[in-house]
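Please read the structure below before turning to the comments.
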Amino acid sequence: MSEITVTLPDGSERTLPEGATAADLAASIGKRLAKDALVAVVDGEERDLAVPLPDGAAVSIVTPDSPAGLFTLRHSTAHVLAQAVLELYPGATFAIGPPIEHGFYYDFELPAGQTFSDDDLRRIEERMRAIVAADQPFIRGEVSAAEGVELFKDHPYKREIIERVDASEISGDGSVSYYRNSDSFVDLCRGPHVPSTGRLGHFALQKVAGAYWRGDHTRPMLQRIYGTAWASKKDLEEHLHRLAEAEKRDHRRLAAELDLVSWPEELGPGLAVWHPKGVLVRKGMEDYSRERHATGGYQFVYSPHIAKSVLWETSGHLDFYKDGMYPPMEMDGATYYPKPMNCPFHVMVYRSSQRSYRDLPIRLFELGTVYRYELSGAVHGLMRSRGFTQDDSHIFCTIEQVPEELASLLDFVLSVLRAFGFDEFQAKLSTRPPEKSVGEDALWDRATEGLRSALERAGLSYVVDEGGGAFYGPKIDIDVKDAIGRAWQLSTLQLDFNLPERFQIEYIGADGERHRPVMIHRALFGSVERFFGVLLEHFAGAFPAWLAPVQVRILPVADTHLDHAHSVAARLTAAGFRVDVVDASDQLGKRIRNAKVQKLPYVLVVGDDDVANGTLGVNPRGGEVERGVPLDDFVARLAAEVAERR
RNA sequence: GCCCGAGUAGCUCAGUCGGCAGAGCGAUUCACUCGUAAUGAAUAGGUCAGGAGUUCGAUUCUCCUCUCGGGCUCCA
């Protein structure tokens, strides 16, 4: 046989000489493809372009336009980074360098505690560009594990990987593959890679960070270099632009600019004070949440911030969550702990009287502030702090009620999130962990199916995280996408078979017997503070009218119009709006600019015409100026805008 | 907690190869009273994050601490 036939993704067939490679196939299809091709998928497996094609294979050629192509591009760029570092820093060794979202990283260890500086990054990037310019081919080779250990004898982390691969089933035939793209550089790698370094180029090194070997804090801390890489210069520039945009939206920056929240050094890491304007927004969020819960069948409860150790022993937190708890306080011969969660208190409320099946479901709700001992290096503005307020709900119901309850709960959650301007959701269903967990299989299956059908009824797209559930039950987490496409994990719905058991809570069934209820934990915002931070970044500080701390600013053209401005303000205040007046000490243009910088929804200008006619000059955020608007019309318009939320 | 980096006026940042600390914005005062994104002038404002060391002299060099940022880990 001197020819082979392969099938392309569109179903067409191509005949090629025996021994032809994927690169030859690409060339036979077109010049453009030959130039763009990075790797091939042969019978479902990603391979180098240089691999000879077997007869009858299904082949697709991967270009940088596809996720797989971009992945390979980034992976190969990581290799070039490693090559540059090893060439520039004698004695350096390297660990792993995978592609990640938006780019890649590589972990290194330099001799004797040396570290990379920003200047080093520039030097390394220069060397990488030289390697790209040299267009070195990535050439694959295979050796036995023993030979691999010899090949990488100077690189202990690589040896550890080989030994691990060899010991596992991954290796199959006991061999490992490597790529050599110059005499001086070989990297252990499963591949595939782009044909040569000349295919790369649209990348930038970004930063140096510490990372434990294998993510284990007992292992050495390596130096990780992060980079970003894209298929085109345009994509790279767009990504860098997005990063700059995200920085402009940083909630810590906006919180300072808009006078919402601050973090005085005197308070300690992760502890904030809320300024009056921040509170107006937060109160708007909380009021809306309370209103929805009140009409949604929830009963409100309060609980203290500390409780005796016996509560946490019974709940199991002292066994399973102690590292996340604040240190204990000794008082009056007892030990108290600040609460890391609200759940046990809500169980206490449930248990305060005998419950009948007729009472269920019981839905308890609290804006409960909890304290968690986060690592000091982990705190981040409002997004991650050591004290935060959960919009926490615990629903007690029968196992039979679970599916219905979950479905309506999910609708409730999505409806509230939509009111805040979020439209794109992604859910994650986490199932029973393989190791320790409590509850019978049948219970887990039933609960997991309940969650799944709730997701499907809500028409929500979801991924399954097998074994990702808590030890006490399966859960759904909901990510929302913000205005610039970032995903934030906010809401969580968790089923719990454990706490009802631990606290021995019961209800009397229709049969007159005692039964154990199921608990559903649910946080909707997740954390009020964090949700506030996400909203701040989502809206880039331009809160919708219903949330804006100051909804309307009134500017008299001159101080002769000041009285009129105040009477307009009084009218709007009486209608329930948040309003202020800025007198004519500054020029009108300056005052308008200030209001715009503060991102106020409406600026009203009143001058001679308006005093005479009872009208306003309306300057809406992001809109055209309107002159001569009757005051009544504006009141109606703002009322309508506030009523529709978002 | 660990690795790297940073901390100068309320904010954004210059600066000092070791010799009396600077700008813009903001604040205050005065003048201007103005119709849609920055009027002018003047004034105030600093233990150069805190502590120790080296030095005739430290904001600058060294060490420690605190706080912040980027990561690791974890998660709302």
Side-chain angles (χ1 to χ4, degrees), chain A residues 105 107 109 113 115-118 120-121 206-226 247 250 252-253 256-257 259 262-271 321 323-324 340-342 368-370 372-392 477-478 488-492 521 523-534 555-562 583-598 603-610 616-620 624-628:
Chain A
Y105 68 77
D107 287 345
E109 189 173 59
T115 57
F116 293 117
S117 67
D118 287 350
D120 289 322
L121 282 194
Q206 293 175 300
K207 59 203 168 195
V208 185
Y212 298 107
W213 169 232
R214 296 203 176 286
D216 180 344
H217 72 273
T218 63
R219 307 295 305 269
M221 175 71 77
L222 305 177
Q223 294 209 59
R224 176 169 297 179
I225 296 178
Y226 281 93
E247 197 179 322
D250 189 310
R252 294 159 302 186
R253 170 200 287 262
E257 284 174 4
D259 191 18
S262 61
W263 290 266
E265 213 176 282
E266 289 82 349
L267 305 195
L271 301 172
Y321 201 74
D323 289 348
M341 297 183 189
N342 300 300
T369 302
V370 297
R372 298 189 186 172
Y373 189 72
E374 298 295 342
L375 295 180
S376 63
V379 299
H380 176 82
L382 294 172
M383 302 304 192
R384 192 85 192 281
S385 61
R386 284 180 166 174
F388 61 95
T389 305
Q390 291 184 306
D391 59 334
D392 209 358
D477 293 314
I478 298 173
W488 300 93
Q489 197 213 303
L490 298 176
S491 312
T492 177
H521 305 252
L524 200 164
F525 294 157
S527 139
V528 175
E529 292 85 348
R530 187 170 122 96
F531 194 76
F532 176 96
V534 172
L555 305 178
V557 172
D559 277 343
T560 49
H561 313 112
L562 190 54
D583 70 29
S585 310
D586 281 317
Q587 289 186 325
L588 183 62
K590 173 73 168 285
R591 286 178 288 150
I592 291 185
R593 182 186 145 77
N594 286 344
K596 295 292 181 184
V597 168
Q598 293 288 309
V603 179
L604 304 182
V605 175
V606 293
D608 287 337
D609 299 351
D610 302 300
L616 308 163
V618 176
N619 187 338
E624 297 289 312
V625 173
E626 303 153 41
R627 291 284 301 270

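In what follows, every heavy atom counts, from backbone to side chain, and hydrogens, waters and symmetry copies are set aside.
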Would you call A:Asp216 and A:Arg214 a salt bridge, using N to O less than 4.0 angstrom? no
Pairwise distance CD(A:Gln390) to CD(A:Glu529) - rounded to 0.5 angstrom: 9.5 Å
Of all the choices, B:U33, B:G35, B:C2, which nucleotide is nearest to the side chain of A:Ala558 once you look at every atom? B:U33
Can you tell me how far CZ of A:Arg372 sits from CG of A:Asp323, rounded to the nearest 0.5 angstrom? 13.5 Å
Rounding to a whole Å, what distance do you find between A:Arg386:CZ and B:C75:P? 17 Å
Please determine whether a side-chain nitrogen or oxygen atom of A:Lys207 lies at a distance below 4.0 Å from atom OP1 or OP2 of B:G71. yes
Closest listed nucleotide, where the reference is the side chain of A:Gln489 and the choices are B:C3, B:U67, B:A76: B:A76
Grab the N/O contacts between the protein and nucleotides 39-41 of chain B below 3.5 Å, and write none if there aren't any.
| from | atom 1 | to | atom 2 | distance (Å) |
| --- | --- | --- | --- | --- |
| B:U39 | OP2 | A:Gln587 | OE1 | 2.6 |
| B:U39 | O4' | A:Gln587 | OE1 | 2.9 |
| B:U39 | O4' | A:Gln587 | NE2 | 3.3 |

Separation of the C1' atoms in B:A58 and B:C2, to the nearest angstrom: 32 Å
Pairwise C1' distance for B:A14 and B:G53, with rounding to whole Å: 29 Å
Are A:Arg252 and B:G69 close enough that a side-chain N or O sits under 4.0 Å from OP1 or OP2? yes
Closest to side chain of A:Glu374, choosing from B:C74, B:C72, B:U36: B:C74
With the side chain of A:Leu375 defined as its heavy atoms from C-beta on, choose the nearest nucleotide among B:G71, B:A37, B:U73. B:U73
Does a nitrogen or oxygen in the side chain of A:Tyr226 sit under 4.0 Å from OP1 or OP2 of B:C3? no
Selected nucleotide, minimal atom distance to A:Ile592 side chain, candidates B:A37, B:G35, B:A76: B:A37
Nearest 0.5 Å please: distance from the CG atom of A:Leu375 over to the CZ atom of A:Arg384. 8.0 Å
Mind calculating the distance between CD (A:Gln223) and C1' (B:C3) to the nearest angstrom? 7 Å
Any side-chain N or O of A:Thr560 less than 4.0 Å from the OP1 or OP2 oxygen of B:U33? no
To the nearest Å, how far apart are A:Asp559 CG and B:A31 P? 13 Å
In whole angstroms, the gap separating P of B:C3 from CG of A:Leu121 amounts to 19 Å
Side-chain heavy atoms of A:Val605 within contact of A:Asn619, under 4.5 Å: no
Looking only at atom C1', what distance separates B:G40 and B:U33, rounded to whole Å? 14 Å
By nearest heavy atom, map A:Leu490 and A:Arg591 onto RNA chain B; which one lands nearer the 5' end? A:Arg591
Would you say OH of A:Tyr321 has more than 12 non-hydrogen atoms from neighbouring residues, nucleotides or ligands within 6.0 angstrom? yes
Between A:Pro556 and A:Arg591, is any pair of side-chain heavy atoms under 4.5 Å apart? yes
Atom pair CG (A:Asp259) and CD (A:Glu257), whose distance is rounded to the nearest 0.5 Å: 11.5 Å
Can you check the distance between B:C74 and B:G19, where both ends of the measurement are the P atom (answer in whole Å)? 49 Å
Both A:Gly617 and A:Tyr373 contact RNA chain B. Which one's nearest nucleotide lies toward the 5' end? A:Tyr373
Which nucleotide wins on minimum distance to the side chain of A:Lys596, given the candidates B:C72, B:A76, B:A37? B:A37
Give a yes/no on whether any side-chain N or O of A:His380 is located under 4.0 angstrom from OP1 or OP2 of B:G70. yes
Considering only heavy atoms from C-beta outward, does the side chain of A:Asp609 approach that of A:Arg627 to under 4.5 Å? yes
Does A:Asp609 reach a base, just sugar-phosphate, or nothing at all? Heavy atoms under 4.0 Å. base
What pattern of brackets, bars and dots sums up RNA chain B from 5' to 3', given Watson-Crick or G-U wobble pairs under 3.5 Å, [ ] for crossing pairs and | for another strand? (((((((..((((.....[..)))).(((((.......))))).....(((((..]....))))))))))))....
Return the nearest nucleotide to the side chain of A:Pro269; candidates are B:G35, B:U67, B:A38. B:U67
Checking contacts here: which listed nucleotide (B:G1, B:A76, B:U67) is nearest the side-chain heavy atoms of A:Ser527? B:A76
Picking from B:C66, B:A76, B:G71, which would you name as closest to the side chain of A:Glu265? B:C66
Taking C-beta and beyond as the side chain, do A:Leu616 and A:Val606 meet within less than 4.5 Å on heavy atoms? yes
Are A:Pro620 and A:Glu626 close enough that some pair of their side-chain heavy atoms sits under 4.5 Å apart? yes
Would you classify A:Gly210 as touching base, sugar-phosphate or nothing, given that sugar-phosphate means primed atoms plus P, OP1 and OP2, and contacts are heavy atoms under 4.0 Å? base
Whole Å only: how far is the CD atom of A:Glu624 from the C1' atom of B:G35? 16 Å
Given B:G71, B:C75, B:G1, which nucleotide is nearest the side-chain atoms of A:Arg372? B:C75
